[in-house]
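Each remark here refers to the structure printed beneath this line.
We name chains A, B, ... by the order of the sequence lines, and we start the count at 1 in each one.
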Number of protein chains: 2
Amino acid sequence: MAKATLVSLAESLGVSRQTISNVINAPHRVKPETRLRVQSAIEQSGYRPSAAGRQLRTRRSMNLGIRMMPVVDGINGSILDRFLHALTEAAQQDGYRLTLFCADSDADEIGQYEELLNVADLDGFVLTGTHYGDDRTAWLLDNDVPFAAFGRPWSSIEDPFTSRHAWVDVDGGAGTEQATRLLIEQGHTSIGFLGWPVGSGAGDDRRAGWRRAMHHARLATKGLDIQADDGVAAGALGAERLVEAGATAVVCASDSLALGAAAKLRQLLPEQKTPVVIGFDDTPVAAAVGLSSVAQPIEDAARHIIAVLTHHLSGGRDGGDKPRKHLLLEPTLTQRTPYSFSSI
Amino acid sequence: MAKATLVSLAESLGVSRQTISNVINAPHRVKPETRLRVQSAIEQSGYRPSAAGRQLRTRRSMNLGIRMMPVVDGINGSILDRFLHALTEAAQQDGYRLTLFCADSDADEIGQYEELLNVADLDGFVLTGTHYGDDRTAWLLDNDVPFAAFGRPWSSIEDPFTSRHAWVDVDGGAGTEQATRLLIEQGHTSIGFLGWPVGSGAGDDRRAGWRRAMHHARLATKGLDIQADDGVAAGALGAERLVEAGATAVVCASDSLALGAAAKLRQLLPEQKTPVVIGFDDTPVAAAVGLSSVAQPIEDAARHIIAVLTHHLSGGRDGGDKPRKHLLLEPTLTQRTPYSFSSI
DNA sequence: ACATCATATTTGAACGTTCATATTATTGTA
DNA sequence: TACAATAATATGAACGTTCAAATATGATGT
C-alpha cells in the first residue's frame, strides 16, 4: 500500500488534514475522543510526517549542524567520538538530527552556516573550539542563528557568564588545580606545569589552575611553567627542562604532553614509584599506559548543549526545566598507576 | 531584500521558473545565451535552491545516513574521527550531506533506516562494522535502499567480489602478512599472533595473513596463535603465553593488544632492541608509544565509499568514471622504534 | 427558544521545487 | 515561401505540510 500522508489518513478516517496535524502538533486542540481515534490510526498505518513538507512550510528542518574539525592530533579524536555520539543520541531523543559539515577555517565555517541555513534550513549549530576573538559567535549572534558552544567565550574583558549566547564548558582550571593539589598532598613541593603557549583560552585556564594550587600552598612557581606545542616529543623536552628546574612532578595540559613527560621522568627520576605526571582529557592513550589524567564529563556537556539548544528552539515550550544558559562542568581526576612503564 | 526563489528570480529576469530550474539541473536544454544570463543572475543574487522544495518534489534529500556506533574501546575512536571527516568532506564535494543517527543494535539500526527513509528521505547509507550474518545488508538490499559498506560482506560461502552490494574494505590479512614477513626478515623464526576469538570476519582475516606468511616461510605456528578479547591487559596476558611457547615477536590484531604485548615483551625479553610487536590500526596510541602498526588507508576508503554511493545515486550520470563496486585496499606498515619504552 | 460564547473541526492558500505537457521560436528542407 | 521538425521556453499541477481564517458544534445563560 502507498505511503500514508495527512490526506490519505484524513480520508480514511473521515476527518480533515488539519485535525490530524493538530493531533500531532497541538493535541490539546482536539477532542480527546477524536484524538485517540486519530492516534491509533496513526500508529496502525505507521504514518510519519514528511520532513520535507514540514520544512517547506515551517522553514525548520529539525536538523542541527556541527563542523568536523580537521583531524590534527588524532589523540583527541576519541573525545570527539564520545562527544558526537552523545550529541547525536541527545538530539535524537528530542526529535532532532545532526548534520555534519567540513570547513577549512572559521571564515569558511561562516560561509557554510549561510549555505546550510539557506538551502537546508538548519535550525541551529553546535560550536566547538571557541577561542579569543571568535568571529563565528559574533556572526551567529548578529544573524539570530540559534547555537550553543562547547567552550566558553574567551575574552579578557567580558564575563563569560553574561555572554549573550549559550555555552557549556569544562572547568579545566579546576581540573589542573585538583591535580596539582593531589601531588602536593603526596608530598611534592616542586611541581611543574607543561602547557601550550600563552594565548589559547583553554590552555591558559589550565595553567591558571596549577598556579592557584601552587600559590595556595605557598609553593614557588619560578621556572616551573613551561610552554610547549602539543605533542609527545615536546612533552619529553619540556619535562627535561622542568627536571633541571627541580621539578619532581608535572601537571600537563594534554595527554600528549603528559605521555612524553612521563617517559622522560621515568628516565630521569627512576627512583620514584608513584605517578608523578598528570595528563588532561583522559584519552585512551592515558588509559592504555596507565597515566593519571583529568577527565572531562564530555557526555554531560553534549547532553546539556542539546538541552539548551532544543529548549531555545522550542521557545521554552518543551515542558522541561529551562537549562542553564552558561554551564561550567567540573572535571574529575582519573587516577591510575603507571602500567606499561612498570611491570605488568 | 527577501530571499531569492525560483519565482522571484524568474520575474526579475523575465523568464520562467522552469528555465532557471533547467539552467541548474539540465543546462544543455537552455540556449547558451540565456543560460549565461541566468547563471550570472543566480550568482549575483546568491540564489540557492531550497532543499525542502526539491526534496518534496523529488523525494530525495541529498542526505546520507551513518550510524554512530556505541563507543566501546575509545582507542579506535580516532579512526572513526578520520573516517567521518573524510566521508563528510567527500560527500560535501558531491553536494551531499551526512546525517548521524544512533542505534543500540542492528535491529534498531534497521528501524532507524525505515524512519529516516520515511521522514527524512535519506538517499542512502554508509554501513560500518559488517559481520557474519549481517541483517542490515539483507534488509537494505530487499528494500532497494542504496548503500555502501565499509567492510566486506563476511560469508563462508559467498565470494565477496560477487556481492550484490557495494563495499570497500582494507585487506587486513595482507597487513598482518606484511608485518609477519618483516619480522621473519629480521630473523625471527617464532612469531606469535595475538588476535580476537575466532568468529569475527576482520579478526580471522588478520589471523589468516599471519598464518600465510608463516607457512610460506615454512615456520611452525603451533602454540603461537592466541585468542584474546581486545584490551591492553589481555594483550599482556596473551604475550606471556606466547613467550612461554617460545615466541620472540608478536603480530597483533589491534593496537590495544599490541600495547599490552609490547610492555610484557619488554619485561620478559629485555635484551631485544628492535621492535618485536606490531599492532593494527595505527592509532594515536601506537604513534604515542612508538609502536609499529598496520595502517589502514581510511581516508581513501571513505572517499571511495562516497564515490561509489553517489555514482550509484546519480544513476551513473555524474560524469566520473564508474568506481569499482568492490574494493579491497592495501594497508601499509608504519614502522616505528619504541619510544616511551626506551630512552627519549 | 435564542443569542452568546467557547470549543472543535474544516477549508483555502502557501511554502519552493520539478514533472509532464503545452506553447512559441528557430532551423532545415522541399 | 510554406511546412515540418526540432529547439527553447512557458504553464499547470503536484509533492505534504502548516498557517490563517472560516465554519460547524456544543454548552451556557437568559
Value in whole Å for how far the C1' atom of dT10(C) lies from NZ of Lys31(A)
14 Å
Exercise: do Tyr96(B) and Gln92(B) side chains pair donor with acceptor under 3.5 Å:
no
Roughly how many Å is it from CZ in Arg37(B) to C1' in dA8(D), rounded to a whole number?
13 Å
As a quick check of understanding, evaluate side chain to side chain donor-acceptor pair (under 3.5 Å) for Arg17(A) and Asn22(A), giving each step before the final call.
CA-CA 9 Å; Arg17(A) 310 186 297 284; Asn22(A) 282 338; over 6 Å; no
Do Leu140(B) and Phe125(B) make a side-chain contact, defined as non-hydrogen atoms from C-beta onward lying under 4.5 Å apart?
yes
Verify, without hydrogens or angle tests, whether Arg152(B) (side chain) and Val170(B) (backbone) share a donor-acceptor contact under 3.5 angstrom.
yes
Distance alone, cut at 3.5 Å: any donor-acceptor contact between the side chains of Asp121(A) and Ser61(A)?
no
Rounded distance in Å - NE2 (His28(B)) to P (dA7(D)):
10 Å
Reading 5' to 3' through nucleotides 14-19 of chain D, protein heavy-atom contacts under 4.0 Å coded B for base, S for sugar-phosphate only, - for none
BBBBBB
With sequence neighbours excluded, what pairs up with His326(A) under the ring-ring contact (aromatic ring centres under 6.0 Å, His included) test?
Trp167(A)
If only side-chain N and O atoms of Thr19(A) are considered, is one of them under 4.0 Å from the OP1 or OP2 phosphate oxygen of dA8(C)?
no
